[in-house]
Structure formats: C-alpha cells, structure tokens
Amino acid sequence: MKYVLSYFLLFCLCLTSCTSQKKLQTETPFEIGKASSQPYVGGREESGSGTELRIPVSLLENSDIVINEVYFRGKQVKALVNTVDNQNMIVVRIPNDSPESSETKDLLLNSDEAVISYLENGETKYAKVKGVKQKQPLIYKGAPKN
C-alpha cells in the first residue's frame with residue numbers, strides 16, 4: 001500500500017514538471033502600443049472572412065529581435081512587422097476557418113488579450129498584449145455584376 005502512495009506522488013511530480021507552459025515576459029526589449037482587432041468580411045465568397053489584428057511595436061533598427069507568431073482568440077498565426085503610417089506594426093489576418101491551436105490553450109487568454117512570440121538572442125520569449133480594442137466590422141463590397 002505504501003508503494004501505491006509513492007508511485008502516485010511520483011506520477012504527480014512528473015505531470016507538473018512536464019508542462020509546456022510558456023513563460024510570459026514582464027518587460028520586453030520593444031514597446032507595445034494600443035492593439036486593435038477588426039472583423040472583416042470579403043465581398044466575394046472566395047475572399048473569406050476573419051479578424052485583422054494590429055499591434056503597434058517600436059523595434060530598434062539594429063536589434064536582434066525577430067517577431068515570430070501571434071496567438072489570439074485560440075488561433076496561432078505567423079507574424080510580420082510592416083510599416084503603416086510611418087509606424088512599425090504587427091498586422092495579421094486570422095481567417096475564421098483556420099484551425100484552433102493547441103498551444104493557445106496553455107496561455108489562458110481573454111478575448112481582449114494576445115501573445116506575441118519573439119526571438120531574442122536565439123531564445124524564444126513571449127509577451128502578453130492586454131486591452132485589444134474591438135473595432136466595427138469591415139465589410140468589403142463585391143465585384144459589380146454585369
């Protein structure tokens with residue numbers, strides 16, 4: 001009977017030590033601005049629909065920071081930094097039909113939170129973005145019918 005208790009404790013210890021919990025950084029080497037999300041609907045059926053997420057970031061020109069992915073509302077997408085209105089911004093389009101990501105379940109995010117994964121000095125780190133503002137849906141018009 002005492003072996004059963006020992007095995008049970010060992011099993012519990014193994015479970016807690018093997019978690020793949022992502023450690024969120026409290027300080028990042030770049031500044032994160034006010035993020036916003038906006039649902040979009042294409043004007044044609046093949047255009048699709050989803051959510052566009054914009055996160056302003058201030059990256060240093062000669063920094064070794066590489067933005068990898070964004071986790072938002074159960075989805076995981078590849079992130080790219082673009083210049084919009086003379087400001088560096090992560091802009092991602094998340095189609096509604098993209099599959100749920102198992103990695104986002106570990107993060108326990110609210111609907112107004114996102115996580116940015118970035119590479120710093122060869123190490124993957126994660127930064128939480130809070131207070132993502134929801135904007136009005138953007139509905140594109142379809143092609144004119146002749």
Side-chain angles (χ1 to χ4, degrees), residues 5-144:
L5 182 60
S6 298
Y7 286 125
F8 178 74
L9 290 174
L10 183 63
F11 177 73
C12 290
L13 181 64
C14 288
L15 282 180
T16 58
S17 65
C18 295
T19 60
S20 61
Q21 186 79 13
K22 294 172 179 20
K23 183 165 176 8
L24 299 174
Q25 303 298 311
T26 54
E27 292 185 25
T28 58
F30 52 90
E31 289 185 35
I32 300 171
K34 302 261 184 212
S36 65
S37 69
Q38 184 171 29
Y40 67 89
V41 177
R44 299 184 308 185
E45 188 174 331
E46 61 270 8
S47 301
S49 62
T51 301
E52 182 177 272
L53 178 66
R54 292 176 172 240
I55 306 171
V57 291
S58 61
L59 296 172
L60 300 175
E61 293 287 326
N62 49 357
S63 72
D64 293 336
I65 306 299
V66 176
I67 305 293
N68 288 331
E69 296 174 317
V70 173
Y71 303 88
F72 185 63
R73 295 185 182 163
K75 312 280 175 111
Q76 174 184 357
V77 291
K78 181 77 177 137
L80 294 172
V81 178
N82 297 324
T83 303
V84 178
D85 297 331
N86 294 322
Q87 184 177 19
N88 286 335
M89 191 167 301
I90 299 171
V91 180
V92 293
R93 284 198 156 200
I94 308 164
N96 286 338
D97 59 356
S98 65
E100 294 275 326
S101 169
S102 61
E103 291 188 39
T104 58
K105 292 179 181 168
D106 295 338
L107 296 170
L108 303 172
L109 298 174
N110 293 326
S111 64
D112 68 336
E113 295 177 330
V115 168
I116 302 169
S117 121
Y118 62 96
L119 202 59
E120 180 182 27
N121 299 326
E123 183 181 352
T124 301
K125 297 183 178 181
Y126 302 90
K128 186 181 266 191
V129 179
K130 295 181 180 183
V132 177
K133 183 181 178 190
Q134 179 76 31
K135 291 185 173 181
Q136 292 293 321
L138 181 61
I139 301 172
Y140 295 103
K141 294 183 179 182

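Note that the structure is a prediction, hence the values are computed from the model and not measured. The first residue in the sequence is number 1, and the count goes up from there.
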Between the CG atom in L119 and the NZ atom in K125, the distance rounded to the nearest 0.5 Å is 10.0 Å
Pairwise distance OG(S37) to CD(Q134) - rounded to 0.5 angstrom: 3.5 Å
Regarding Y40 and Q38, do their side chains bring together a donor and an acceptor under 3.5 Å, going by distance alone? no
R93 versus V77, closest heavy-atom pair with distance: O-CG1, 4.3 Å
Which heavy-atom pair separates P56 from Q87 by the least distance, and what is that distance? CB-NE2, 3.4 Å
How many angstroms lie between OG1 in T83 and CG in N88, if you round to the nearest 0.5 Å? 5.0 Å
For I55 and A35, work out which heavy atoms get closest and say how close. CG1-CB, 3.9 Å
Given F72 and V92, is the side chain to side chain contact (heavy atoms under 4.5 Å, CB included) satisfied, shown in steps? CA-CA 10 Å; F72 185 63; V92 293; over 6 Å; no
Mind running side chain to side chain contact (heavy atoms under 4.5 Å, CB included) on V84 and R54 for me, showing each step along the way? CA-CA 10 Å; V84 178; R54 292 176 172 240; 3.6 Å; yes
For S117 versus T124, what's the shortest heavy-atom pair and its separation? OG-CG2, 4.3 Å
Separation between CD (E113) and NZ (K128), nearest 0.5 Å, reads 4.0 Å
Let me confirm one number: the CG-OH distance from N68 to Y126, rounded to the nearest 0.5 Å. 8.5 Å
Which is it for E52 and V91 under the side chain to side chain contact (heavy atoms under 4.5 Å, CB included) test, yes or no, and what are the steps along the way? CA-CA 7 Å; E52 182 177 272; V91 180; 4.1 Å; yes
Minimal heavy-atom distance between A79 and V70, with the atoms involved, is CB-CG2, 3.7 Å
For the pair I67 and F30, evaluate side chain to side chain contact (heavy atoms under 4.5 Å, CB included) and give the outcome as yes or no after the intermediate values. CA-CA 11 Å; I67 305 293; F30 52 90; 4.1 Å; yes
Under a 3.5 Å distance rule, please check whether K75 uses its side chain to pair with a backbone N or O of N96 as donor and acceptor. yes
Heavy-atom closest pair, residues I32 and A127: CD1-CB, 4.2 Å
Report the distance from atom CD1 of I116 to atom CD1 of I65, rounding to the nearest 0.5 Å. 11.5 Å
